[in-house]
Asks: 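What follows is a single structure, and I will ask about it in a moment.
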Amino acid sequence: MRVNKPAQLTKLRKELVAAEKKHAKKIMVCCGPGCLANGAARIVEELHKVLKKKRIKGFKVEALKETGCHGFCQQGPMVVIEPKGTFYTHVKPKDVEKIVDMSIRKDETIKRLLYDDPSNGHKIERYHDIPFYARQQRIALRNLGQIDQYKIEEYIVVGGYKALAKALTKMRPEDIVAEVTTSGLRGRGGAGFAAGRKWSTCAKAEDTPHYVICNGDEGDPGAFMDRSIMEGDPHSVLEGMVIAAFAVGAHEGYIYVREEYPLAVENLKLAIQQATEYGFLGENILGSGFDFTLKVSRGGGAFVCGESSALMKSIAGEVGEPRAKYVRSVLKGYLDKPTVLNNVESYANVPVIIDKGGKWFAGIGTKKSTGTKAFSLVGKVRNTGLIEVPMGTTLREIIYEIGGGILDDRPFKAVQTGGPSGGCLPEDKLDLPVDFDTLTEAYSMMGSGGMIVMDDQTCVVDVAKYFLAFLVEESCGKCVPCREGLFQLHGLVQKICDGQGSEEDLEKMEKLSDVIMAASLCGLGKSGPNPFISTLRYFRDEYLVHIRDKKCPAKVCRELIRFDIIDEMCDGCMACLPACAFDAITGKKKKVHVIDQDKCTKCGACKVVCTRDAIEVL
Amino acid sequence: MSKLPEIFGRYPQTPQSLIAVLQDIQKEFNFLPCDALKQTAEYLSVPMSKVFSVSTFYNAFSLNPKGDRVIRVCMGTTCHIRGAGQILEQLETRLNIKSGETTPDLKFTVEVVNCVGACAMAPVVIVNEKYYGSVKVTATKKLLKGG
Ligand SMILES: Cc1cc2nc3c(=O)[nH]c(=O)nc-3n(C[C@H](O)[C@H](O)[C@H](O)COP(=O)(O)O)c2cc1C
Ligand code: SF4
Ligand code: SF4
Ligand code: SF4
Ligand code: FES
Ligand code: FES
């Protein structure tokens, strides 16, 4: 059906809400990336089967919803039963029948499937009460886990496209730009550029046509906020983009999605089709006379294509090499025309800003970083997952209160933020508020929102080497300082990891970093040395131990460690023998086993299988 | 090659469609056959040199055939610190190939990806389309056998 007037949308929403209210209970199955990896699709299948077989009175199959990522991925697959918010974790297909019998047909909770509070062993029934959720404030992630990711009607029920209707009929383009400027919204893709300023420049640009592009490349390894939004709440991105298009006078737009996210491509395409049918996209949107069409463009697996000028080339079917920014892409962007390019999360915030007002948004967060920020909290932290907090929340609150502290109660070592452009922050920076400027001042970066927690078993030198290797691989090779400089820098870090480094190398590397940062063309090279610089700044000791003592304190760097079997502990169970892919272990049944150091690659597989703790790392 | 006209038909006949067409060809054949590249160049009126530079620039494209089972090991940051490198190394040794290569019998290809957005389950390995989370370094034999 097509919605031709805002009043019609209001009426439709009322009907949909009324229909929704008829469901006494709803089953929400998380079908986000993490839960799917853990078998959520089979839970859905099983639910369909059981519900069909049992035909529960008053329960319609529409009340079974496949939602986007609910955030607490590591507890998945998860099933939430509304309206109470009963939260079942680690659900298996064989639990489904019981869930239907106990919690849908009757009103009973299955204790076994509830979340265990690790701090006191208590079971928590409702997800709102779990510390992981209780401390969050969700704007960009507002609908994830709450609505069926495949249905536009669900988005309308929660107020979707209301902001679009308001923007198109009650506001002039310049009012929208003003509202976004008032909100203080800064780009969530990393650089934190004010969205309002970008929009206003583009709106005023004389050259035509104008374009609106969404950056869904999400190249930062360790980040998956944008993936989750594109998959689980695609309409919020579309709505934000149409509002942007109206504000800057664009009639065509693209969403660029990285190729590693096939489900995001699928869900966005479906959402575009639905939105077009309803008249929220395409010609004469909501009867306002405004036209805007949107296409999905798939990336080709190149990190540098996340950079705005490279991305625009890639959409045009070319090799994605960045260009020098004498003229900003907001004036000379896609096909050399004025272009607004924003990140997925940035757009997802826009409908809320229009709906509730820029002032409301500016009241959240800090003065210069308004609103909230989504993070993927991962690594060696107890509660990993997708979270959203007001700007200005401290790292400690995020890692310890929401994240539940360090995995296995090991000591905290560092938190990596900002991906390959960012850095590692040590313990004494944990009380820093997380916002664009504070993190940059601390020699890291907020970046797109990957937050990787590291414990004492992570080697920061190895982490620096990891990022440099990543960037060497991903540099487009156009400029020498980036192409050659990062390569040399990586070689020198490798040398240190191999126990061959010297203190002069460190000096050399610092100088080299300065040159790379000063002379590279795009952000990849300009910020490429950051992970090295920040680790050196905060963990110089660890570099020195590698250099002077030829030791890796975290026992990660291969050349500096060895695996050995402790004779007294080994009972000759032979479990480690087949686990070693390199034939490095020999031994007979009930006899002490031996590792041939020449063959051992230090992969650690033997240590994983040995139940007697007989294998030590020296 | 009989599939080509249909793939071409999905996109406007302009140079801008190049990447999208190549993506669909890659998906259809699991690599970019030389013949298909030539026909693409002709159809979209782009020089062959550009078709080659695009197909070598993007990681998504491969000019060599891939194996029946494509095993992709995530080497994103989270997977890295949770031991993905060791898993990769085991796979490489067991199959006697390096990442990016295919076994001579065309059964297996091993590749590296940089984060597939399932970091909460790190380390992640994807076999064809199926995701495996929290993979242990000792699980490689099982992965090769089929899960
Ligand atoms: C090498 C490189 C990679 C980038 N990758 C991304 C990305 O994956 N996603 C993203 O939104 N921005 C990325 N950016 C930043 C974009 O160039 C751009 O600033 C951003 O998408 C603008 O949107 P925003 O203002 O809403 O943040 C990258 C920048 C560089 C230099
Ligand atoms: S800095 Fe690196 S990635 Fe950026 S344009 Fe130069 S070579 Fe390419
Ligand atoms: S560390 Fe790896 S290579 Fe070395 S003995 Fe153990 S399993 Fe074999
Ligand atoms: S698994 Fe452990 S106990 Fe068993 S043979 Fe190997 S080292 Fe000895
Ligand atoms: S994917 Fe299910 S909670 Fe994240
Ligand atoms: S780092 Fe491997 S899935 Fe993100």
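The chains referred to below are lettered A, B, ... by the order of the sequence lines, with proteins before strands, and numbering in each begins at 1.
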Asks: Taking it one step at a time, do B:Thr102 and B:Ile97 satisfy side chain to side chain contact (heavy atoms under 4.5 Å, CB included)?
Replies: CA-CA 7 Å; B:Thr102 300; B:Ile97 51 174; 5.8 Å; no
Asks: Return the NZ to CG distance between A:Lys337 and A:Leu335, rounded to the nearest 0.5 Å.
Replies: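 Result: 8.5 Å between the selected atoms.
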Asks: Counting only heavy atoms not in A:Gln494, do more than 12 fall under 6.0 Å of its CD?
Replies: yes
Asks: Heavy-atom pairs under 4.5 Å with chain A - which of B:Leu22, B:Val21, B:Val137 has more of them than the others?
Replies: B:Val137
Asks: At under 4.5 Å between heavy atoms, what parts of residues 460-470 of chain A are in contact with chain B? List them by residue number.
Replies: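 Contacts with chain B: A:Asp462, A:Val463, A:Tyr466, A:Phe467, A:Phe470.
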Asks: Between the side chains of B:Lys66 and B:Glu111, is the shortest nitrogen-to-carboxylate-oxygen separation below 4.0 Å, so that they form an ion pair?
Replies: yes
Asks: Which bit of A:Cys305 comes within less than 4.5 Å of chain B, counting heavy atoms only: side chain, backbone, both or neither?
Replies: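 The answer is the side chain of A:Cys305.
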Asks: Just by modelled atom types, is the A:Val257 backbone N or O under 3.5 Å from a matching donor or acceptor in the A:Asp217 side chain?
Replies: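 Looks like no, no N/O pair under 3.5 Å.
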Asks: Counting heavy-atom pairs under 4.5 Å with chain B, which one of A:Cys69, A:Gly34, A:Pro33 comes out on top?
Replies: A:Gly34
Asks: Give the interface residues of residues 40-61 of chain B toward chain A, defined by a heavy-atom separation under 4.5 Å.
Replies: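 Counting heavy atoms that sit under 4.5 Å from chain A, the residues of residues 40-61 of chain B involved are B:Lys50, B:Ser53, B:Val54, B:Phe57, B:Tyr58, B:Asn59, B:Ala60.
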Asks: Is the shortest distance from a Lys or Arg side-chain nitrogen in A:Asp456 or A:Arg410 to a carboxylate oxygen in the other one below 4.0 Å?
Replies: yes
Asks: Compare every heavy atom of A:Pro420 with every heavy atom of A:Phe303, then report the nearest pair and how far apart it is.
Replies: CZ-CG, 4.0 Å
Asks: Counting heavy-atom pairs closer than 4.5 Å to chain B, which one of A:Gly32, A:Cys73, A:Ala579, A:Gly379 comes out on top?
Replies: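 Looking at each option in turn, the highest pair count goes to A:Gly379.
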Asks: Quick test of your reading of the model: are B:Glu6 and B:Lys3 salt-bridged, counting only N-O distances below 4.0 Å?
Replies: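 Salt bridge flag = yes for B:Lys3 with B:Glu6.
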Asks: Does the A:Glu345 side chain pair with the main chain of A:Ala374, one donor and one acceptor, at a distance under 3.5 Å?
Replies: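 Pair found, side chain donor or acceptor close to backbone of A:Ala374.
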Asks: Identify which part of A:Val556 has an atom lying under 4.5 Å from any heavy atom of chain B, answering side chain, backbone, both or neither.
Replies: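 For A:Val556, there is no contact with chain B at all, as no heavy atom is under 4.5 Å.
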Asks: Return the SG to CG distance between A:Cys31 and A:Leu263, rounded to the nearest 0.5 Å.
Replies: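 Taking SG in A:Cys31 and CG in A:Leu263, the distance rounds to 9.0 Å.
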Asks: Do you know which of B:Thr138, B:Thr140, B:Ile126 has the most heavy-atom pairs under 4.5 Å to chain A?
Replies: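 Heavy-atom pair counts peak at B:Thr138.
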Asks: Taking all heavy atoms of A:Cys476 and all of A:Pro322, pick out the closest pair and write down the distance.
Replies: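 Result for this residue pair: SG-CD, 3.8 Å.
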Asks: Decide salt bridge (charged side-chain N to carboxylate O under 4.0 Å, His left out) for A:Glu260 and A:Arg227; before the verdict, give the C-alpha distance in whole Å, the side-chain angles of both, and the deciding distance to 0.1 Å.
Replies: CA-CA 10 Å; A:Glu260 289 86 346; A:Arg227 169 178 179 173; over 6 Å; no
Asks: Answer yes or no: is there a donor N or O on one side and an acceptor on the other, between the side chain of A:Gln416 and the main chain of A:Gly419, under 3.5 Å?
Replies: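 Pair found, side chain donor or acceptor close to backbone of A:Gly419.
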Asks: Flag yes if more than 12 heavy atoms outside B:Asn96 fall under 6.0 Å of its CG atom; otherwise flag no.
Replies: no
Asks: Only pairs of heavy atoms separated by less than 4.5 Å count here; which of B:Gly85, B:Gly117, B:Cys74 has the most with chain A?
Replies: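 Of B:Gly85, B:Gly117, B:Cys74, B:Gly117 has the most heavy-atom pairs under 4.5 Å with chain A.
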Asks: When only pairs under 4.5 Å are counted, which of A:Gly300, A:Ala302, A:Gly385, A:Pro221 shares the most heavy-atom pairs with chain B?
Replies: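 Going by pairs under 4.5 Å, I would pick A:Gly300.
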Asks: Could you report the tightest heavy-atom contact between B:Ile81 and A:Ile452, atom names first, then the distance?
Replies: CD1-CG2, 3.7 Å
Asks: Taking the side chain as every heavy atom from C-beta outward, state whether A:Val304 and A:Ser475 have any pair of such atoms under 4.5 Å apart.
Replies: no
Asks: Given a strict heavy-atom distance threshold of 4.5 Å, which part of A:Val608 is in contact with chain B: side chain, backbone, both, or neither?
Replies: side chain
Asks: Using only non-hydrogen atoms and a strict under-4.5 angstrom cutoff, which residues of residues 24-35 of chain B touch chain A?
Replies: B:Asp24
Asks: Which one wins on heavy-atom pair count under 4.5 Å against chain A: B:Ser134, B:Ala122, B:Ala120?
Replies: B:Ala120
Asks: Walk me through it: do B:Leu144 and B:Ile71 pass the test side chain to side chain contact (heavy atoms under 4.5 Å, CB included)?
Replies: CA-CA 9 Å; B:Leu144 292 176; B:Ile71 305 181; 3.5 Å; yes
Asks: For a quick test of reading the model, state the closest non-hydrogen atom pair linking B:Cys119 to A:Phe224 and the distance between them.
Replies: SG-CD2, 3.6 Å
Asks: Can you tell which of B:Met75, B:Lys130, B:Glu129 has the highest number of heavy-atom pairs within less than 4.5 Å of chain A?
Replies: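 With the most close heavy-atom pairs to chain A, the winner is B:Met75.
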Asks: Begin with the C-alpha distance, continue with both residues' side-chain angles, and end with the deciding distance and a verdict on side-chain hydrogen bond (donor to acceptor under 3.5 Å, both in side chains) for A:Ser421 and A:Asn530.
Replies: CA-CA 6 Å; A:Ser421 313; A:Asn530 279 358; over 6 Å; no
Asks: Name the member of B:Ile87, B:Asn114, B:Val124, B:Val113 that forms the most heavy-atom pairs with chain A at distances under 4.5 Å.
Replies: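 Result: the option with the highest number of such pairs is B:Asn114.
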Asks: At their closest point, which heavy atom of A:Asp220 faces which heavy atom of A:Ser448, and how far apart are they?
Replies: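 Heavy atoms only, the tightest pair is OD2-OG, 3.1 Å.
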Asks: May I ask you to list the residues in residues 12-19 of chain B that approach chain A closer than 4.5 angstrom, counting heavy atoms only, ordered by number?
Replies: B:Pro15, B:Gln16, B:Leu18, B:Ile19
Asks: side-chain hydrogen bond (donor to acceptor under 3.5 Å, both in side chains), that's the test. Do B:Asn64 and B:Ser62 meet it? Break it down for me.
Replies: CA-CA 5 Å; B:Asn64 296 314; B:Ser62 152; 5.5 Å; no
Asks: If we define contacts as heavy-atom pairs under 4.5 Å, which of A:Glu318, A:Glu259, A:Gln74 has the most with chain B?
Replies: A:Glu318
Asks: Taking all heavy atoms of A:Cys30 and all of A:Gly68, pick out the closest pair and write down the distance.
Replies: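 Closest approach of A:Cys30 to A:Gly68: SG-O, 3.6 Å.
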Asks: Take A:Glu218 and A:Val344 through the test side chain to side chain contact (heavy atoms under 4.5 Å, CB included) and record every step on the way to the result.
Replies: CA-CA 9 Å; A:Glu218 194 162 57; A:Val344 171; over 6 Å; no
Asks: Between A:Pro578, A:Ala316, A:Gly39, A:Cys35, which has the largest tally of heavy atom pairs under 4.5 Å with chain B?
Replies: A:Ala316
Asks: In terms of heavy-atom pairs under 4.5 Å, which option from A:Ala223, A:Ser228, A:Pro262, A:Ser314 contacts chain B the most?
Replies: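 Option with the greatest count: A:Ser314.
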Asks: Go through the steps for A:Thr601 and A:Arg558 under the test side chain to side chain contact (heavy atoms under 4.5 Å, CB included), then give the verdict.
Replies: CA-CA 8 Å; A:Thr601 65; A:Arg558 297 277 181 102; 4.2 Å; yes
